[in-house]
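Values in this document were obtained by computation on a predicted structure and should not be read as measured data. Residue numbers start at 1 and run along the sequence shown.
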Amino acid sequence: MRIGKIAPALVLALAAATTAACGGGDTSSSAPKELVYWASNQGTSLDNDKAVLQPELDKFEKASGIKVKLEVVPWTDLLNRILAATTSGKGPDVLNIGNTWSASLQATGAFLPFDDAALEKVGGKSRFLGPSLAATGASGQPPVGVPLYGQAYGLYYNKKLFAEAGITKPPATWEELVEDGKKLTKPDKGQWGLSLQAGQVTENSHHAAILGAQQGAQFFTPEGKPQLASDPSVAAVQQFVDLMQKDKIVNPANAEYADTAKSLKDLSDGKAAMFMNQASAGSFKNIGMDMANLGVAPIPQPATTPPNGRKVSSFVAGINMSVFKNTKNPDAALDFVKFMVSAPEQALLNKTYGSLPTVQDAYSDAAFQTEDVKVFQNVLANSAEPMPQVPQESQFETLIGTAMKAMFADVAAGKPVDGAKIRDQLNQADQQIAAGS
């Protein structure tokens, strides 16, 4: 499916479709209000998310009289499901979106703009953290949602495996990461230096963005023209693929890893020593990780910054909460959003998932005063930049992430992936994005 910027004629048709069906229930005065909510998969499984969220939805229903019907959507399906709903008009009332998709989804015109009035209804703009609020849509336009879960990437590592290898601290540079990874890789014992979700499109694109920034890549010109096939972009993708191909610190079986839980478990079980991921201490705890053995540090940067390279170790990651414009229950939808971003819910949910609250008044909870949380807070505040805030961003993620997934599959099958092959794939991505603009 081609994704990205929706045709202008379709946007106008969608905006005019005021009678289109949406997930909300009967709005007559005699019927209880009902909302449909699509939640993204934040925990170790869809069932885990249902167990976390349903008690909170029940709590909201008891307080407000508004029933919320929950569906947890896996990341492999979420963007396509959302885009299909923007064109059909048949979707949920409220949903989670990856914040990197904000500008793309904003361009469809299908979502309720969170202007100043809407922001006041959910507690006010000033409550939200600046970096998270900056990743809610294109600059100069009302946000397409509000931040729900704050995230940044870090390097998780197994302290026990590090100690057994005589490594006393996490790698401070990319070169040290590779060197440590080689010391920690023992294929005959089923142990690898690093675990990757190499079969997951979104994760591949995220790492392309982080390493691309370090290499000096700008994936779009200021005018919005794609330039994925630049030298820095090719270098970044090569660097990431080479973790499996050249450095050989990643199990080739990871080419099929599309599930975060597999990499979490590899680290927990001692099958991998390192894993680059968004804040996920709650998920590690849920799968039985000995938390005393879990360490976290920023994703390392090159020892020598490449020309035009930026001091970036994450993008401004996170999950936003949005409302479809054609919901039959807009007031109820905003009430539900307000509940989910309230300080008690922010503390409870982010504590459970190991993510970061997006509102300032939730940080008084002791769970967010730990050293590990401070690592992610520091990354988010000082070495993170937003993904490209352009309408074609979701298409960028899908195309570059899918190309990288195929590259890892080639490496696992013994087929070499060199700079020429990478550039060819990125050139094709540039052409597809330009054709859809």
Side-chain angles (χ1 to χ4, degrees), residues 40 42-43 96 98-100 102 123-136 143 145-157 159 169-173 177 203 206-207 209-211 213-214 260 264 267 274-286 289 291-301 310-321 340-387 389:
S40 52
Q42 300 301 124
N96 291 0
N99 68 357
T100 63
S102 294
K125 179 179 180 179
S126 62
R127 291 183 63 233
F128 294 96
L129 299 179
S132 296
L133 196 60
T136 53
V146 294
L148 178 63
Y149 305 125
Q151 287 283 13
Y153 271 78
L155 177 71
Y156 281 104
Y157 62 99
K159 294 180 179 178
K169 59 183 180 180
T173 67
L177 181 147
E203 281 299 307
H206 289 173
H207 290 295
I210 295 168
L211 300 184
Q214 294 181 2
T260 306
L264 295 172
L267 196 77
M274 295 180 282
F275 174 42
M276 294 180 287
N277 197 45
Q278 298 179 38
S280 47
S283 294
F284 275 114
K285 186 175 182 180
N286 191 57
M289 174 90 187
M291 300 303 282
N293 285 332
L294 184 66
V296 67
I299 290 178
Q301 300 176 23
R310 304 187 294 284
K311 299 287 188 180
V312 170
S313 53
S314 179
F315 64 90
V316 179
I319 308 301
N320 295 343
M321 200 170 193
M340 292 291 280
V341 299
S342 66
E345 288 303 305
Q346 279 282 291
L348 186 151
L349 292 173
N350 284 288
K351 192 185 328 183
T352 300
Y353 288 130
S355 47
L356 305 174
T358 61
V359 294
Q360 301 182 53
D361 45 343
Y363 276 90
S364 59
D365 191 291
F368 306 112
Q369 305 301 317
T370 66
E371 290 304 311
D372 288 359
V373 169
K374 289 178 181 178
V375 168
F376 287 106
Q377 287 177 306
N378 185 58
V379 167
L380 191 59
N382 298 307
S383 61
E385 67 176 32
M387 292 282 271
Q389 293 294 299

What donor-acceptor contacts under 3.5 angstrom involve side-chain atoms of residues 368-378, with partners at least two apart or in another chain?
residue: Gln369; atom: NE2; partner: Tyr363; partner atom: O; Å: 2.5
residue: Thr370; atom: OG1; partner: Val373; partner atom: N; Å: 3.3
residue: Asn378; atom: OD1; partner: Asn382; partner atom: ND2; Å: 2.6

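Applying the salt bridge (charged side-chain N to carboxylate O under 4.0 Å, His left out) rule to pairs touching residues 146-156 yields nothing, sequence neighbours excluded.
Gln151 places none of its side-chain heavy atoms less than 4.5 Å from the side chain of Ser132. Side chains of Thr136 and Pro147 form a contact here, defined as non-hydrogen atoms less than 4.5 Å apart. Side-chain atoms of Thr358 and Gln346, non-hydrogen and from C-beta on, do get closer than 4.5 Å to each other.
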Q: Please report the C-alpha distance between Val316 and Glu385 in whole Å, then the side-chain angles of each, then the deciding distance to 0.1 Å, and finally whether the side chain to side chain contact (heavy atoms under 4.5 Å, CB included) criterion is met.
A: CA-CA 5 Å; Val316 179; Glu385 67 176 32; 5.6 Å; no
Q.
Is there a side chain to side chain contact (heavy atoms under 4.5 Å, CB included) between Arg127 and Val341? Walk through the geometry before answering.
A. CA-CA 10 Å; Arg127 291 183 63 233; Val341 299; 4.1 Å; yes
(Q) Walk me through whether Val146 and Phe128 qualify under side chain to side chain contact (heavy atoms under 4.5 Å, CB included). (A) CA-CA 8 Å; Val146 294; Phe128 294 96; 3.9 Å; yes
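Leu267 CG to Tyr156 OH: the interatomic distance, rounded to the nearest 0.5 Å, is 10.0 Å. Interatomic distance, Ser283 OG to Leu264 CG, rounded to the nearest 0.5 Å: 6.0 Å. For the atom pair NE2 of His206 and CZ of Phe315, the computed distance is 3.5 Å after rounding to the nearest 0.5 Å. Between the OH atom in Tyr149 and the CG atom in Asn320 there is a gap of 12.0 Å [rounded to 0.5 Å]. Rounding to the nearest 0.5 Å places CG of Leu133 at 11.0 Å from CG of Asn99. Note that the OG atom of Ser383 and the NZ atom of Lys311 stand 10.5 Å from one another [nearest 0.5 Å].
Nearest heavy atom pair, residue Thr100 against residue Met387, reads CG2-CG, 3.2 Å. Across Ala347 and Ala362, no two heavy atoms sit closer than the pair N-CB, 4.2 Å. Closest of all the heavy-atom pairs between Ile299 and Ser313 is O-CB, 3.3 Å.
Under 3.5 Å, the side chains of Ser40 and Gln42 contain a donor-acceptor pair of N or O atoms. With 3.5 Å as the limit, one finds a donor-acceptor pair spanning the side chains of Glu203 and Tyr153.
Checked against the 6.0 Å centroid threshold, Phe275 and Tyr157 do not count as a close aromatic pair.
More than 12 non-hydrogen atoms from other residues, nucleotides or ligands lie less than 6.0 angstrom from NZ of Lys159.
Proximity of a side-chain donor or acceptor of Gln389 to a complementary backbone N or O of Ala135 within less than 3.5 Å is not detected.
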